[in-house]
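Below is one structure, written out as structure tokens, with a few remarks after it.
Note that the structure is predicted; figures quoted are calculated from it, not measured. Naming: A, B, ... by sequence-line order, numbering from 1 per chain.
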Protein chains: 2
Amino acid sequence: MSDIKSAANLLFLREEELRQGIELLYYAYRDFTAEPDSMLARYGFGRAHHRVIYFVGRHPQMSVSDLLGILRITKQSLSRVLGQLVRQGFILQRPGSRDRRQRLLELTEKGVELERQLSENQRQRIAKAYREAGAQAVEGFRKVMLGVIGSEADRRRFERGPPTR
Amino acid sequence: MSDIKSAANLLFLREEELRQGIELLYYAYRDFTAEPDSMLARYGFGRAHHRVIYFVGRHPQMSVSDLLGILRITKQSLSRVLGQLVRQGFILQRPGSRDRRQRLLELTEKGVELERQLSENQRQRIAKAYREAGAQAVEGFRKVMLGVIGSEADRRRFERGPPTR
DNA sequence: AAAATAAGTCAACATGTCTGACATAAAATC
DNA sequence: GATTTTATGTCAGACATGTTGACTTATTTT
């Protein structure tokens, strides 16, 4: 094979490999969210509610700003979703003791239960994928995913140890 | 450490590991779609337009049914987005020669250009992540992602060889 | 000839996102 | 102590993306 042809071939393989990466992310995310979405629909909730419940469960006593920072949406968008969850008794708001302007968020018992139901599906899906792929593959998965994540601050969330605020 | 305590610890580690998996998917997908979304906004388009352009570019001459099968949305949802792309000259529809009920889809030159611009960002993000993580990690990433994908049919899209119709 | 399929259309509605403007309370700064 | 900044909330209007349901047309399959 000529140099030119093999260079072109390398480029093709690379292009193909990258497209596969794009599609792996697309299909995996689509399937990862499909079941929780259909559970949420039974409560009249959507994916946005799941994200709020998930992150509040993960970081109890987080402030509204912290949550906005993770979700990267506007406060007006969050407000509708969060308001519903508070009014329907899934999330509790308490003024911060250090800074009383803050509204610290935590799940109620009802909220914990819903969170558990919703995430159970996703945990099992991940557990199955991890089990089938093996520990070394999981390490590779982590590395690649961290490379895809844009901000250093977000990557730091995945260092060992308890979750950061 | 007592047996009970170490078993609990194992469970905790496992739970933590699975939660990290969930979050890796969340953050990676969020950052993966952020830039194309903001480019699309300049055309008055959204993520749905990107998905249509992407998959039509990937599988030229695909039918509307094929596209619906990949996207898993209703034809009414697709129709709005696809209609805009056709009217604005990004996608061309031609009746199938074997089955004249079909409308086979392909990108116009303008469509190819937009697709290239939109995907460039994502390709570079993946390329960076792959480069930093190394070939072995990429193999692990592939394995785990395939495990997350639900249907065998979709997993087959990732076998080696040219894309299937 | 009848039934099934591929595609499209019209209508109504829900959800999640946005921008922009404004309000309140508390903390931080001058 | 007065002023500015910050954290949060609210009202209004818009748009993108998805849904269900009903119906049409052309073509293929049975």
Report yes if at least one side-chain N or O of [X] is closer than 4.0 Å to OP1 or OP2 of [N]; otherwise report no.
{"X": "A:Arg47", "N": "C:dT17", "value": "no"}
{"X": "A:His49", "N": "C:dT15", "value": "no"}
{"X": "B:Ser77", "N": "D:dT17", "value": "no"}
{"X": "A:Arg103", "N": "C:dA26", "value": "no"}

Residues B:Arg51 and A:Tyr26: side-chain donor-acceptor under 3.5 angstrom:
no

*Distance only, no hydrogens: is a donor on one side chain within 3.5 Å (strictly under) of an acceptor on the other, for A:Gln88 and A:Tyr43?*
no

Rounded distance (Å) that lies between atom [atom2] of [N] and atom [atom1] of [X]:
{"X": "B:Arg98", "N": "C:dA7", "atom1": "CZ", "atom2": "C1'", "value": "16 Å"}
{"X": "B:Leu82", "N": "D:dG18", "atom1": "CG", "atom2": "P", "value": "13 Å"}
{"X": "A:Leu78", "N": "D:dC11", "atom1": "CG", "atom2": "C1'", "value": "16 Å"}
{"X": "A:Arg100", "N": "C:dT24", "atom1": "CZ", "atom2": "P", "value": "18 Å"}
{"X": "B:Gln84", "N": "D:dT17", "atom1": "CD", "atom2": "C1'", "value": "11 Å"}
{"X": "B:Leu68", "N": "D:dT20", "atom1": "CG", "atom2": "P", "value": "13 Å"}
{"X": "B:Leu67", "N": "D:dT17", "atom1": "CG", "atom2": "P", "value": "14 Å"}
{"X": "B:Gln61", "N": "C:dA6", "atom1": "CD", "atom2": "P", "value": "18 Å"}

Closest approach to the side chain of [X], judged atom by atom: which nucleotide of [options] is it?
{"X": "B:Lys75", "options": "C:dT17, D:dT27, C:dT9", "answer": "C:dT9"}
{"X": "A:Val81", "options": "C:dG16, C:dG8, D:dG18", "answer": "C:dG16"}
{"X": "A:Arg101", "options": "D:dG18, C:dA27, C:dA21", "answer": "C:dA27"}

Cationic N near anionic O, under 4.0 Å, A:Glu16 to B:Arg58: yes

How is [X] classified with respect to the nucleic acid when contacts are heavy atoms under 4.0 Å: base, sugar-phosphate, or nothing?
{"X": "A:Gly96", "answer": "nothing"}
{"X": "B:Gln93", "answer": "sugar-phosphate"}
{"X": "B:Arg80", "answer": "base"}

When A:Thr74 and A:Asp99 are each assigned the nearest nucleotide of DNA chain C, the 5'-most assignment goes to A:Thr74

The residue, A:Gln76 or A:Leu104, whose nearest nucleotide of DNA chain D is more 5′ is A:Leu104

Item to complete: State, yes or no, whether a side-chain contact exists between B:Gln61 and B:Arg94 at a heavy-atom distance under 4.5 Å.
Response: yes

May I have the step-by-step check of ring pair (Phe, Tyr, Trp, His ring centres under 6.0 Å) for A:Phe158 and B:Tyr27, ending in yes or no? CA-CA 11 Å; A:Phe158 296 96; B:Tyr27 288 108; 5.7 Å; yes

